[in-house]
Amino acid sequence: MRVYSYHPQTGAYVGAEEADEDPMNPGQYLIPAHATTKAPPVGGFVCFDEQTGEWRIDETHTREVAMREVAQELSIVGSLIDEQADLVAASLPGADADYLLRLRVYRVKLRELPRRAGFPNVEWPTLPGKEA
């Protein structure tokens, strides 16, 4: 089953993926957080409204708004990188060099977004999680 992901704060379309089947309930699928089985409409900048459960084309979403969202996301990931880099450099508990590398790759992908054809209506990268 195909699911369509959206940004948790803005509802902006992020991308599509195949959902995993629920091993406890054959024929049922595990829908990730901030995802829906409803396909987004084509054209324009689409956002998912969790209250209505529907996609909408956001006519007010401009390149400038998207650039602010990229800048905000860069500031968030920057603080995560600083924190993790300090832990790694000092060899302190919680240090995870692989996670630090994934954060840096994510930051590079964010910086490349505005140069991609069709921006802001492109697939946005996903913030990597820190595996325990």
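In this chain, numbering begins with 1 at the start of the sequence shown.
The other members of the hydrophobic cluster of V3, by chain and number, are M1, Y29, I31 (side-chain heavy atoms under 4.5 Å, ILVMFWY only).
Here the CG-CG distance, from L30 to N25, works out to 8.5 Å after rounding to the nearest 0.5 Å. To the nearest 0.5 Å, atoms CD (Q72) and CD (Q9) are separated by 7.0 Å. Between atom CG of residue L100 and atom CG of residue L80 there is a gap of 10.5 Å, rounded to the nearest 0.5 Å. Between the CD atom of E123 and the CG atom of L113 there is a distance of 10.0 Å, given to the nearest 0.5 Å.
Hydrophobic clustering, with ILVMFWY side chains joined whenever heavy atoms are under 4.5 angstrom apart, keeps L87 apart from L127.
Here side-chain hydrogen bond (donor to acceptor under 3.5 Å, both in side chains) pairs that include residues 76-90, with residues two or more places apart or in two chains, number zero. Residue pairs that meet the salt bridge (Lys or Arg N to Asp or Glu O under 4.0 Å) test with at least one member in residues 32-42, sequence neighbours left out, are K38-E54. Residue pairs satisfying the side-chain hydrogen bond (donor to acceptor under 3.5 Å, both in side chains) criterion with at least one member in residues 104-118, sequence neighbours excluded, are listed as follows: E73-Y106. Applying the salt bridge (Lys or Arg N to Asp or Glu O under 4.0 Å) test to pairs two or more places apart or on separate chains, those with a residue in residues 10-23 are R2-E18.
A heavy-atom distance below 4.5 Å is found between the side chains of E50 and Y6. Contact check for C47 versus R56: side-chain heavy atoms found under the 4.5 Å cut-off.
Results of the side-chain contact (heavy atoms from CB on, under 4.5 Å) test with P125 over V14, V105, L110, V77 single out L110 as the only residue that passes.
Evaluation of the ring-ring contact (aromatic ring centres under 6.0 Å, His included) rule for Y13 yields W55 as partners, not counting sequence neighbours.
Of the possible polar contacts, one joining the D96 side chain to the Y99 backbone as a donor-acceptor pair under 3.5 Å is found. Counting only distance, with no hydrogens or angles, the side chain of R102 and the backbone of G129 share a donor-acceptor pair below 3.5 Å.
Of all the heavy atoms in I57 and P41, the pair that sits closest is CG1-CG, 4.0 Å.
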